[in-house]
Peer 1: 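Below: one structure in structure tokens.
In what follows, every chain begins at residue 1, and chains take the letters A, B, ... in the order their sequences are listed. On a predicted model such as this, the values are computed, not experimentally measured, just so you know.
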Number of protein chains: 2
Amino acid sequence: MDVFEALGDPVRRSLLQRLADGPARVVDLAAEHPISRPAISRHLRVLVDTGLVAAEERGRERHYRLVRSGLAPVQAWVEALTRIDPPIPEHALDGLDLEVRRAGRERRPAPRQHTHEETA
Amino acid sequence: MDVFEALGDPVRRSLLQRLADGPARVVDLAAEHPISRPAISRHLRVLVDTGLVAAEERGRERHYRLVRSGLAPVQAWVEALTRIDPPIPEHALDGLDLEVRRAGRERRPAPRQHTHEETA
DNA sequence: GCAATTGGTAGCACAGAGGTTACCAATTGT
DNA sequence: ACAATTGGTAACCTCTGTGCTACCAATTGC
């Protein structure tokens, strides 16, 4: 399972938010959530596997903590999509505009988007 | 379905990445993906519902485009978790440290994390 | 007018995610 | 030594997500 799928589950997001406040044990997390301890345990395994959480053994206890660096891929992906990259300077297409728009009716590969995209 | 769950699916992420290059029609997207057109159509509906994509009707065609602002919630959430907030200035706890650590054995609410957390 | 293109939806099948209870191992404190 | 605490795992059930094919509506171009 990848990081994005891991973040797709609301329970796991809740666990991550809780762990942002500091480490916790499984019983603690289970007490703060409406689902059973085994369910929490499985969610934690997913989070560990995806690198979002780390566990530290301490006798019979196991302390889970948030690994913030695990979110880096998500941050990078979102930023990549958010960034507006004008691959071709606007004015360079001015002459070709009409021609490109009309050529190749049977397969329109990608009508180049306008640079003035929404950014809000 | 919320934005995080929408991003959980690899096909939908692929669609978003494709749309980052400019608008496209369903048939275009279907041609570039190994799954059927109805499947693409349903994914697009999810993306529209979650505000990540918008559609523009143009005759019998429908042009889908990326709505970058739809990613804002994700960006905010990730940033909130990534940020390290020292709610209490380190030295303020110096006197209480041992006492806090030992009090209340039957219920450990949240062993306050050390400020020097990993940031990588 | 008519064939072709575009695209949504319905109906169905299947895999997998996520919940539960039951059970077991290991550690701890009295 | 022994009871209690902690936590992982197995077995099971159910439901939802995602794929498919088939079908229909609407627009378009000849």
Side-chain angles (χ1 to χ4, degrees), chain A residues 1-16 18-19 23-50 52-65 101-111, chain B residues 1-16 18-19 23-50 52-65 102 104-111:
Chain A
M1 179 174 296
D2 68 3
V3 187
F4 290 93
E5 205 176 339
L7 292 184
D9 187 280
V11 173
R12 284 194 288 266
R13 285 201 304 280
S14 174
L15 289 174
L16 291 175
R18 164 59 185 80
L19 290 178
R25 303 170 302 160
V26 181
V27 282
D28 298 329
L29 298 170
E32 301 164 1
H33 286 264
I35 65 177
S36 69
R37 183 183 53 74
I40 298 283
S41 193
R42 278 229 311 254
H43 280 303
L44 285 171
R45 184 168 54 168
V46 171
L47 292 174
V48 168
D49 287 348
T50 52
L52 289 167
V53 154
E56 183 198 359
E57 303 259 6
R58 279 238 230 131
R60 77 181 149 180
E61 300 184 354
R62 193 176 272 204
H63 294 253
Y64 287 93
R65 63 169 234 280
R101 265 206 267 158
R102 243 19 185 130
R105 234 299 178 198
E106 77 291 345
R107 191 65 139 88
R108 211 164 338 170
Chain B
M1 182 174 295
D2 68 2
V3 186
F4 290 93
E5 204 175 342
L7 292 184
D9 188 280
V11 174
R12 284 194 287 266
R13 286 201 303 279
S14 174
L15 289 173
L16 291 175
R18 164 60 185 81
L19 291 177
R25 302 171 301 161
V26 180
V27 281
D28 298 329
L29 297 170
E32 301 164 0
H33 286 264
I35 64 177
S36 70
R37 183 184 54 75
I40 298 282
S41 192
R42 278 230 311 252
H43 280 303
L44 285 171
R45 184 168 53 167
V46 171
L47 291 174
V48 169
D49 287 348
T50 53
L52 290 166
V53 154
E56 183 198 358
E57 304 258 6
R58 278 238 231 132
R60 77 180 150 186
E61 300 184 354
R62 192 176 273 203
H63 294 253
Y64 288 93
R65 63 171 233 279
R102 243 16 186 131
R105 232 299 179 201
E106 76 292 343
R107 193 65 140 86
R108 210 162 339 171

Peer 1: Does A:G59 or A:I40 map to a spot on DNA chain C nearer the 5' end, using the closest nucleotide for each?
Peer 2: A:I40
Peer 1: Can you check the A:D2 CG to C:dA17 C1' distance for me, whole Å?
Peer 2: 14 Å
Peer 1: Would you tabulate the side-chain donor-acceptor contacts of residues 1-9 of chain A under 3.5 Å, counting partners in other chains and residues two or more places apart, or write 'none'?
Peer 2:
unit_1, atom_1, unit_2, atom_2, d
A:D2, OD1, A:F4, N, 3.4
A:D2, OD1, A:E5, N, 2.8
A:D2, OD2, B:R13, NH2, 2.7
A:D9, OD1, A:V11, N, 2.7
A:D9, OD1, A:R12, N, 3.2

Peer 1: Whole Å only: how far is the NE2 atom of B:H63 from the P atom of C:dG7?
Peer 2: 8 Å
Peer 1: Between C:dA25 atom P and A:R62 atom CZ, what is the distance in whole Å?
Peer 2: 17 Å
Peer 1: Would you kindly give the CD-to-C1' distance between A:E5 and C:dG16, to the nearest whole Å?
Peer 2: 9 Å
Peer 1: Taking only heavy atoms on the protein side, list every residue of residues 42-50 of chain B lying under 4.0 Å from any atom of DNA chain C, sorted numerically.
Peer 2: B:R42, B:R45
Peer 1: Just so I know, are the side chains of A:R25 and A:H63 near enough to count as touching, which here means a heavy-atom distance under 4.5 Å?
Peer 2: yes
Peer 1: Quick check: do A:H43 and A:I35 have side-chain heavy atoms less than 4.5 Å from each other?
Peer 2: yes
Peer 1: In whole angstroms, how far is the P atom of C:dT6 from the CG atom of B:L29?
Peer 2: 13 Å
Peer 1: Let's test your reading of the model: under 3.5 Å, does the base of C:dT6 pair with the side chain of B:R25 as donor and acceptor?
Peer 2: no
Peer 1: Hey, what bend do you get for the helix from C:dG1-D:dC30 to C:dT30-D:dA1 if you fit axes on five pairs at each end, rounded to 10°?
Peer 2: 20°
Peer 1: With respect to the side chain of B:A39, which nucleotide from C:dA22, C:dT9, D:dG19 is positioned closest?
Peer 2: D:dG19
Peer 1: Indicate whether OP1 or OP2 belonging to D:dT18 is found under 4.0 Å from a side-chain N or O atom of B:R12.
Peer 2: yes
Peer 1: Checking only heavy atoms, does the side chain of B:R37 share a donor-acceptor pair with the base of C:dG8 at less than 3.5 Å?
Peer 2: yes
Peer 1: Give the rounded distance in Å between these two atoms: CG of B:L7 and C1' of D:dT18.
Peer 2: 17 Å
Peer 1: When you get a sec, tell me which of D:dT21, C:dG18, C:dT27 is the closest nucleotide to the side chain of B:P38?
Peer 2: D:dT21
Peer 1: Closest approach to the side chain of A:S41, judged atom by atom: which nucleotide of C:dG7, D:dT18, D:dG8 is it?
Peer 2: D:dG8
Peer 1: Side chain of B:Y64, heavy atoms from C-beta onward: which of D:dG19, C:dA17, C:dG8 has the nearest atom to it?
Peer 2: C:dG8
Peer 1: Which nucleotide sits closest to the side chain of B:S36: C:dT6, D:dT6, D:dT21?
Peer 2: D:dT21
Peer 1: Which nucleotide in the list C:dT6, D:dG7, C:dT20 gets nearest to the side chain of B:V27?
Peer 2: C:dT6
Peer 1: How close do B:R18 and B:P23 get, counting heavy atoms only, and between which atoms?
Peer 2: NH2-O, 3.9 Å
Peer 1: Grab the CZ-P distance between B:R60 and D:dG29 for me, whole Å please.
Peer 2: 6 Å
Peer 1: Using the side-chain contact (heavy atoms from CB on, under 4.5 Å) rule, pick out the option among A:L15, A:V48, A:D28 that qualifies with A:Y64.
Peer 2: A:V48
Peer 1: When you measure from the side chain of A:I35, which nucleotide among C:dT6, C:dT20, D:dT6 comes out closest?
Peer 2: C:dT20
Peer 1: Please report the interatomic distance OG(B:S14) to CG(B:L29), rounded to the nearest 0.5 Å.
Peer 2: 9.0 Å
Peer 1: Report the distance from atom CD of B:E57 to atom P of C:dG8, rounded to the nearest whole Å.
Peer 2: 8 Å
